[in-house]
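Comments concern the structure below.
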Amino acid sequence: DHINGNQTDNRIENLRPCTQRQNGMNRKKTAGYSSKYKGVSWSNIDEKWRAYIVKDYKQVSLGYFEDKIEAVKAYNNGARIYHGEYARLNKI
């Protein structure tokens with residue numbers, strides 16, 4: 001696993017052993033969703049921003065928010081709790 005997410009940075013201090021699941025926790029956001037932030041999307045039904053995280057292959061809701069940045073903060077907190085050292089946090 002590349003700690004900083006840069007797959008071309010192969011310095012020893014940037015590499016760590018991990019499982020496939022842990023490596024997935026450190027992935028970047030998948031393109032094509034309604035938000036540029038990982039774990040945050042717009043809910044048309046609720047007309048709010050939704051924060052969620054994947055834990056043990058299941059999606060866990062972290063709540064619905066009027067403000068996108070509050071949803072980002074909720075994701076970041078959830079990532080710290082559920083993914084620990086492998087969490088990839090959003091930059092606000």
Side-chain angles (χ1 to χ4, degrees):
D1 179 49
H2 293 83
I3 297 169
N4 68 5
N6 181 351
Q7 294 180 345
T8 62
D9 184 356
N10 293 315
R11 295 173 294 137
I12 294 296
E13 60 269 15
N14 187 44
L15 299 174
R16 62 183 166 194
C18 69
T19 65
Q20 187 174 3
R21 184 182 291 185
Q22 290 167 328
N23 194 30
M25 293 176 193
N26 194 25
R27 278 193 165 157
K28 293 179 181 175
K29 178 200 169 299
T30 305
Y33 292 92
S34 60
S35 166
K36 68 178 186 177
Y37 297 104
K38 183 176 181 182
V40 175
S41 63
W42 177 254
S43 170
N44 285 328
I45 295 169
D46 298 298
E47 295 186 351
K48 292 183 180 181
W49 291 99
R50 178 175 174 254
Y52 60 91
I53 197 162
V54 176
K55 176 66 176 165
D56 296 328
Y57 305 106
K58 295 178 184 169
Q59 198 175 89
V60 177
S61 177
L62 301 172
Y64 291 84
F65 304 86
E66 298 285 338
D67 181 56
K68 182 182 350 182
I69 299 304
E70 291 304 313
V72 172
K73 290 177 183 177
Y75 171 82
N76 285 349
N77 288 334
R80 285 185 194 99
I81 293 167
Y82 289 105
H83 296 167
E85 70 175 293
Y86 295 96
R88 177 175 294 266
L89 304 179
N90 290 306
K91 294 178 184 169
I92 301 172

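Values below: all heavy atoms of this structure, side chains included; hydrogens, waters and symmetry mates excluded. Computed from a predicted structure; not experimentally measured.
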Problem set entry | Close side-chain approach of Lys73 to Asn90, heavy-atom, < 4.5 Å | no

For this session: Please tell me if the side chains of Ile69 and Ile92 come closer than 4.5 Å, counting only heavy atoms from C-beta onward.
Result: yes

Problem set entry | Polar side chain donor-acceptor pair, Asn23 to His2, under 3.5 angstrom | no

Exercise. Which atom pair, heavy atoms only, marks the closest approach of Tyr52 to Val40?
Worked result: CE2-N, 4.0 Å

Exercise. Once you round to the nearest 0.5 Å, how far does CD of Glu85 lie from CD of Gln22?
Worked result: 7.0 Å

For this session: Please answer whether the main-chain N or O of Lys58 pairs with a side-chain N or O of Asp56 as donor and acceptor at a distance below 3.5 Å.
Result: no

For this session: State whether the side chain of His83 and the backbone N or O of Leu89 hold a donor-acceptor pair below 3.5 Å, judged by distance alone.
Result: no

For this session: Would you check if Ser43 and Tyr64 make a side-chain contact, meaning some heavy-atom pair closer than 4.5 Å?
Result: yes

Exercise. Looking only at heavy atoms, which two atoms of Val60 and Tyr82 are closest? And how far apart?
Worked result: CG1-OH, 3.8 Å

Exercise. When you check the side-chain N and O atoms of Asn77 and Arg80, is any donor under 3.5 Å from an acceptor?
Worked result: yes

Seminar exercise, completed: In this structure, CD1 of Ile3 is separated from CZ of Arg88 (nearest 0.5 Å) by 11.5 Å

Problem set entry | Heavy-atom check, side chain of Leu62 versus side chain of Ile53, under 4.5 Å | yes

Problem set entry | 4.5 Å side-chain heavy-atom contact, Lys38 and Tyr75 | yes

For this session: Using distance alone, with no hydrogens and no angle criterion, decide if Asp9 and Asn4 have a side-chain donor and acceptor under 3.5 Å apart.
Result: yes

For this session: Report the C-alpha distance between Ser35 and Trp42 in whole Å, list the side-chain angles of each, state the deciding distance to 0.1 Å, and finish with yes or no for side chain to side chain contact (heavy atoms under 4.5 Å, CB included).
Result: CA-CA 7 Å; Ser35 166; Trp42 177 254; over 6 Å; no

For this session: Taking Glu70 for its side chain and Asp67 for its backbone only, find out whether a donor-acceptor pair lies under 3.5 Å.
Result: no

Exercise. Are the side chain of Asp46 and the backbone of Lys48 linked by a donor-acceptor contact shorter than 3.5 Å?
Worked result: no

Exercise. Within a radius of less than 6.0 Å around CD of Glu13, do more than 12 heavy atoms belonging to other residues, nucleotides or ligands occur?
Worked result: yes

Exercise. Is the shortest heavy-atom distance from the side chain of Arg50 to the side chain of Ser41 under 4.5 Å?
Worked result: yes

For this session: Using the side chain to side chain contact (heavy atoms under 4.5 Å, CB included) rule, take Cys18 and Tyr86 through it: C-alpha gap first, then chi angles, then the decisive distance, then the call.
Result: CA-CA 9 Å; Cys18 69; Tyr86 295 96; 3.6 Å; yes

Problem set entry | Minimum heavy-atom distance Ala51-Ala71, with the two atoms named | CB-O, 3.5 Å

Problem set entry | Crowding at CD, Gln59 (>12 non-hydrogen neighbours, <6.0 Å) | yes

For this session: For residues Lys91 and Tyr37, report the shortest heavy-atom separation together with the two atoms involved.
Result: O-CE2, 3.4 Å

